[in-house]
Amino acid sequence: MATKNHNLSAYDIQSVPNAEGKKFGIVVSEWNENVTAALLAGARETLLKHGVREEDIKVKTVPGSFELIYGASQMVKSGVDAVIAIGCVIRGDTPHFDYICEGTTYGLARLNATQPIPVIYGLITTNDMQQALDRCGGKHGNKGDECAVTAIKMVFF
Ligand code: DLZ
């Protein structure tokens, strides 16, 4: 969680191995595209910063966060070393938010536990758009950066 004292983009650069030669798949939801595009940009830039080659980053889009589960499960089979799933769900007036968040979180967690490569949870779930903007390059940093660092660390786990 991003708290007052935690910036999603802050990390110890020395703790992240050089990831040259490793391959990463990123699955991105089209819902709240202004947010997910910024998360994707953060993840991509951070992977490149740690030696990943441009051609070793594979990006595929899915319509909504709920489709991240299927998208990530397909990406797992594509020969990459880790998958990052990126989405943004913003609370509305109905319980739909809860079902999408729970379903997507459960689906990604199940993939992470059962597949031979790590599946990284890049789903932002917020009460409003401002909270999402705060977490995709705003005052709480960029969760895309955090996901990229996590993916690299898990590849070398
Ligand atoms: C339907 C829906 C709604 C209401 N809100 C969001 C959202 O805030 N973020 C998101 O990524 N997707 C949303 N969706 C779409 C669902 O994730 C999914 O694409 C549809 O229910 C079709 O399976």
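Both counts, for ligands and for their atoms, begin at 1 and track the order of listing.
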Is the side chain of Ser65 donor-acceptor paired with the backbone N or O of Val89 at a distance under 3.5 Å, no angle test?
no
Return the set of residues passing salt bridge (Lys or Arg N to Asp or Glu O under 4.0 Å) with Lys22 (not counting sequence neighbours), or none when no residue passes.
none
Does one side chain, of Glu146 or Asn142, offer a donor that lies under 3.5 Å from an acceptor on the other?
no
Residues in side-chain contact (heavy atoms from CB on, under 4.5 Å) with Thr126, at least two apart?
Ile90, Ile124, Gln131, Ala132, Arg135
Scan residues 79-99 for pairs that pass ring-ring contact (aromatic ring centres under 6.0 Å, His included), counting only residues two or more places apart or in two chains.
none
State, yes or no, whether a side-chain contact exists between Lys143 and Cys136 at a heavy-atom distance under 4.5 Å.
no
Under a 4.0 Å heavy-atom cut-off, what residues line ligand 1?
Ser29, Trp31, Asn32, Gly64, Ser65, Phe66, Glu67, Cys88, Val89, Ile90, His96, Ile100
